[in-house]
Amino acid sequence: QVQLVESGGGLVQPGGSLRLSCAASGTIFSINDMGWYRQAPGKERELVAVIQSDDSTNYADSVKGRFSISRDIIKKSVYLQMNSLKSEDTAVYYCNIPDLDAGMDYWGKGIMVTVSS
């Protein structure tokens with residue numbers, strides 16, 4: 001009964017900022033890596049950012065230096081701060097929290113981010 005709900009998306013001007021949040025409900029037995037993906041129309045889903053169990057982070061080259069991922073284990077939440085947004089950042093963003101102990105891979109329904117003048 002785990003569900004992930006994203007929030008914080010919307011329309012923003014180029015150069016602007018947004019902060020995405022993803023909150024999990026239900027029981028996650030083992031929170032390890034937590035990540036954000038995105039998918040633009042007609043394109044494959046791609047990894048945007050991941051925060052690992054040791055708190056290290058990795059980013060897609062296209063967002064490096066502009067995006068920052070963070071998390072709150074107690075709240076079972078993961079966040080994505082997006083700065084200096086570009087038109088090519090326009091996509092549906094999905095949060096992902098695998099539960100390795102349960103052998104499950106949980107995904108949010110996605111939230112739209114539109115960067116346009």
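Along the sequence shown, residues are numbered consecutively beginning with 1. Atoms considered below: every heavy atom in the structure, side chains included; atoms not considered: hydrogens, waters and symmetry mates.
- In this structure, the side chain of Asp33 engages the main chain of Ser53 through a donor-acceptor pair within 3.5 Å.
- Taking the side chain as every heavy atom from C-beta outward, Arg66 and Asp89 approach each other to under 4.5 Å.
- Put simply, the side chain of Asn96 never gets that close to the backbone of Trp36: no donor and acceptor are under 3.5 Å apart.
- Looking at every heavy atom in both residues, Gly8 comes nearest to Ile111 through N-CD1, 3.6 Å.
- Relative orientation of the Trp107 and Tyr94 rings is perpendicular, given thresholds of 30° and 60° on the angle between their planes.
- The closest side-chain heavy-atom distance from Leu85 to Phe67 is below 4.5 Å.
- The closest side-chain heavy-atom distance from Ser21 to Arg19 is below 4.5 Å.
- Although no hydrogens or angles enter the test, the distance criterion places no donor-acceptor pair under 3.5 Å between the side chain of Thr114 and the main chain of Thr90.
- Here the CZ-NZ distance, from Arg38 to Lys43, works out to 7.5 Å after rounding to the nearest 0.5 Å.
- For CD of Gln3, the number of neighbouring non-hydrogen atoms (other residues, nucleotides, ligands) closer than 6.0 Å is 12 at most.
- By the criterion of side-chain heavy atoms lying less than 4.5 angstrom apart, applied directly or through intervening Ile, Leu, Val, Met, Phe, Trp or Tyr residues, Tyr106 is grouped together with Val78 in one hydrophobic cluster.
- Leu20 is connected to Val115 through a chain of hydrophobic side-chain contacts under 4.5 Å among Ile, Leu, Val, Met, Phe, Trp and Tyr, so both are in one cluster.
- For the pair Leu80 and Ala49, the tightest heavy-atom approach, listed with the atom from each and the gap, is CD1-CB, 4.1 Å.
- In the hydrophobic cluster analysis, where Ile, Leu, Val, Met, Phe, Trp and Tyr join through side-chain heavy atoms closer than 4.5 angstrom, Tyr59 is grouped together with Tyr93.
- The distance from the CG atom of Asp54 to the CG atom of Asn32 is 10.5 Å, given to the nearest 0.5 Å.
- Using a 4.5 Å cut-off between side-chain heavy atoms of Ile, Leu, Val, Met, Phe, Trp and Tyr, with links allowed through other members, Met112 and Val48 fall into different hydrophobic clusters.
- The pair Asp61-Lys64 counts as a salt bridge, with a side-chain nitrogen and a carboxylate oxygen less than 4.0 angstrom apart.
- Contact annotation: the side chain of Ser117 approaches that of Gln13 to within less than 4.5 Å [non-hydrogen atoms, C-beta and beyond].
- Residue pairs meeting the disulfide (SG to SG under 2.5 Å) criterion with at least one member in residues 22-117, sequence neighbours excluded: Cys22-Cys95.
- Looking only at side-chain heavy atoms (C-beta outward), Met34 and Ile69 stay at 4.5 Å or farther from each other.
- Put simply, the side chain of Leu11 reaches to within 4.5 Å of the side chain of Ser116, judged on heavy atoms.
- Electrostatic pairing of Glu6 and Lys109 does not count as a salt bridge here, judged by no charged N lying under 4.0 Å from a carboxylate O.
- Put simply, the side chain of Gln39 does not reach to within 4.5 Å of the side chain of Tyr37, judged on heavy atoms.
- One N or O on the side chain of Lys76 and one on the backbone of Gly26 form a donor-acceptor pair closer than 3.5 Å.
- Arg71 contributes a side-chain N or O that, together with a main-chain N or O of Gln52, makes up a donor-acceptor pair within less than 3.5 Å.
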Between Tyr79 and Ser68, does the side chain to side chain contact (heavy atoms under 4.5 Å, CB included) criterion hold? Intermediate values first, please.
CA-CA 8 Å; Tyr79 311 95; Ser68 180; over 6 Å; no

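- We find the CD1-CD1 distance between Ile73 and Ile28 to be 9.0 Å, quoted to the nearest 0.5 Å.
- Considering CD1 of Ile97 and CG of Leu4, their distance stands at 4.5 Å, rounded to 0.5 Å.
- Both Met104 and Ile31 belong to a single network of hydrophobic side chains, linked directly or stepwise wherever heavy atoms of I, L, V, M, F, W or Y lie under 4.5 Å apart.
- If you take CG on Asp99 and CG on Asp105, they are separated by 9.5 Å, rounding to the nearest 0.5 Å.
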